[in-house]
Peer 1: 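Take a look at the following structure, please.
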There are 2 protein chains.
Amino acid sequence: MTDTAPRSSKAEQTRQSIIDAAMGLFRSGGYDQATMRAIADEAGVSVGNAYYYFSSKEHLIQAYYDQIQAAHAEAAEAPLSSEGDFTGRLRGVLLAWVDVAEPYHEFAGKFFKNAAEPSSPLSPFSEDSTAAREAAIELHGRVLDGSDLKLNKALREELPELLWLLQMGIVLFWVHDTSDGQQRTRDLVDQAVPIIDRMLRLTRLPGVRGVVDDIVGLIHLIRP
Amino acid sequence: MTDTAPRSSKAEQTRQSIIDAAMGLFRSGGYDQATMRAIADEAGVSVGNAYYYFSSKEHLIQAYYDQIQAAHAEAAEAPLSSEGDFTGRLRGVLLAWVDVAEPYHEFAGKFFKNAAEPSSPLSPFSEDSTAAREAAIELHGRVLDGSDLKLNKALREELPELLWLLQMGIVLFWVHDTSDGQQRTRDLVDQAVPIIDRMLRLTRLPGVRGVVDDIVGLIHLIRP
DNA sequence: TGTCATAGTTGAACACGTTCAAAAGATGGA
DNA sequence: TCCATCTTTTGAACGTGTTCAACTATGACA
């Protein structure tokens, strides 16, 4: 059985209990304490059974990660419905991620390992992650949709993906951020968002427009 | 003994033989074959002895990584001495890296997977990587030093580090690049470098200057 | 009911990175 | 030379993620 196949209720229940056990152990004891044996014990199943549902510990962590993503989509609804200008919407969505992800910061590095392993199906750039990635990109599409930003059409089309890349960069910073409550990441978002807003408005300047067109062309060239 | 303490000739010899064994196994069998036991065997020492010289497998891999960095610094000399304008110098240095790293592309994914974790000594942002990182940043300082680029002083001071960050982005792209000889990465460099050149020249435009100042301010804010 | 294929479950076993107490070797002063 | 101290070397042992052959439970069909 793959990790995404349809499942019976009983199997789904066992599967969820393993995720719950992992979540509990992650929160209480950190990543190192959450061994597969401990997780299986806590879930009341055997080690082999845990591997029946999750083909590796990373896949199990990924299921955990998926819940963070879903929580982010939900938390992003507030700013997306209340904020009208681009900076407010973008800041709201980015800070919502920092809020949602905060409890998991301690072992977030383990998540991030997936980003750099190209052969892993868990990589955010991989074929297997297409759905999750496009959902995240779509979220940034909604940041733009409701905003007051006026942009060149070609740039406008690329921007959701570029904003998603920005978010990946912020996640990279966040992973390395050891400040209390990841305050430095919040500061980064607060300061970077208005700058991005100003940069985007500059793209309509005569001298800048040509460069923007080249950048869009470059994106088209390197996209798989 | 730490990994950087002064060493006797005999100890240095043993140390180097372990690195050589690791290099050989990496080249012939890939990352997975190069177990600590196999490396120690190949080097003619015990496993425990290998750990006497390298406090972890990642530290051993880092010694390997350092040699790539050194090879890049050497390969970068050619464009740095022959090219006079910024685009030529930057392109030369970036493509030199792609050339030097090409033989290691196959297992670079495994390598960078470990490097992506913040707690890993292999992380380019880590304490252990300070020397290699600063050398790489210095290399980009030399890209600028010999070039014709006229820039705002504050931006000029940050630019080597920013160019190094650009290189990290290119490395990330390269890791995921499965094209023949990593041709797509070379295309990316060829196309991106003139764009960066034009963007940097735009920073002197009246409307742009203010944003650049803000960006420099942001960098100062978030730098550790 | 009985049969049988499929789904689910088990825990011992494997190879790995890593540790550590102990042994062996090197060094230098008395 | 002998002893003391420090450096280097050893390999068995530990805990980890992971695998797998064997087992049990489920349910569809006769």
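Quick caveat, the model's predicted, so the values are computed rather than measured. Every chain is numbered from 1 and lettered A, B, ... according to where its sequence line falls, protein lines coming before strand lines. Below, each value reflects all heavy atoms present in this structure, side chains not excepted, and no hydrogens, waters or symmetry copies.
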Peer 1: Could you list the residues that satisfy side-chain contact (heavy atoms from CB on, under 4.5 Å) with A/Arg156, not counting sequence neighbours?
Peer 2: A/Leu144, A/Asp145, A/Leu151, A/Pro160
Peer 1: Considering residues at least two apart in sequence or located in another chain, which fulfil the salt bridge (Lys or Arg N to Asp or Glu O under 4.0 Å) criterion with B/Asp190?
Peer 2: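 Applying salt bridge (Lys or Arg N to Asp or Glu O under 4.0 Å) to B/Asp190 gives B/Arg91.
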Peer 1: Can you build the contact string for nucleotides 13-20 of chain C? Use B for base contact, S for sugar-phosphate-only contact, and - for no protein heavy atom under 4.0 Å.
Peer 2: B--BBBB-
Peer 1: For A/Arg37, check salt bridge (Lys or Arg N to Asp or Glu O under 4.0 Å) against everything at least two apart and list the hits.
Peer 2: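 So A/Arg37 forms no salt bridge (Lys or Arg N to Asp or Glu O under 4.0 Å) with any residue.
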Peer 1: For B/Asp32, what residues pass the salt bridge (Lys or Arg N to Asp or Glu O under 4.0 Å) criterion, not counting sequence neighbours?
Peer 2: B/Lys110
Peer 1: Would you tell me if any nitrogen or oxygen in the side chain of B/Tyr53 comes within less than 4.0 Å of OP1 or OP2 on D/dT9?
Peer 2: yes
Peer 1: Report yes or no: is the cationic atom of A/Lys57 (NZ for Lys, CZ for Arg) closer than 6.0 Å to the six-membered ring centre of A/Tyr31, at no more than 45° off its axis?
Peer 2: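 Here A/Lys57 passes the 6.0 Å and 45° test against A/Tyr31.
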Peer 1: What residues form a side-chain contact (heavy atoms from CB on, under 4.5 Å) with B/Ala34, not counting sequence neighbours?
Peer 2: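 B/Ala34 satisfies side-chain contact (heavy atoms from CB on, under 4.5 Å) with B/Leu25, B/Phe26, B/Ile39 once adjacent residues are dropped.
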Peer 1: Atom CD of A/Gln13 to atom C1' of C/dA7: distance rounded to whole Å?
Peer 2: 16 Å
Peer 1: With sequence neighbours excluded, tell me which residues meet ring pair (Phe, Tyr, Trp, His ring centres under 6.0 Å) with B/Phe173.
Peer 2: none
Peer 1: In residues 39-46 of chain B, which residues come under 4.0 Å of DNA chain C by heavy atom?
Peer 2: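 By residue number: none to list.
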Peer 1: So, B/Asp197 and B/Arg89, do they make that salt bridge, N to O below 4.0 Å?
Peer 2: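 Salt bridge: no.
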Peer 1: Is there a side-chain contact between A/Gln67 and A/Ile19, using heavy atoms and a 4.5 Å cut-off?
Peer 2: yes
Peer 1: Are OP1 or OP2 of D/dT8 and a side-chain N or O of B/Tyr52 less than 4.0 angstrom apart?
Peer 2: yes
Peer 1: Just by modelled atom types, is the B/Arg133 backbone N or O under 3.5 Å from a matching donor or acceptor in the B/Ser129 side chain?
Peer 2: no
Peer 1: Could I get the full list of side-chain contact (heavy atoms from CB on, under 4.5 Å) partners for A/Gln69, not counting sequence neighbours?
Peer 2: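 So A/Gln69 forms a side-chain contact (heavy atoms from CB on, under 4.5 Å) with A/Tyr65, A/Trp97.
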Peer 1: Residues of residues 20-31 of chain A with any non-hydrogen atom less than 4.0 angstrom from an atom of DNA chain D: list those, numerically ordered, please.
Peer 2: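 Heavy-atom cutoff 4.0 Å gives no residues at all.
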Peer 1: Using 4.0 Å as the upper bound for N to carboxylate O, is an ion pair formed by B/Glu77 and B/Arg142?
Peer 2: yes
Peer 1: Who passes side-chain contact (heavy atoms from CB on, under 4.5 Å) against A/His176, sequence neighbours left out?
Peer 2: A/Leu172, B/Pro118, B/Ser123, B/Phe125
Peer 1: Distances under 3.5 Å between protein N/O atoms and the N/O atoms of nucleotides 22-25 of chain C, please, pair by pair.
Peer 2:
none

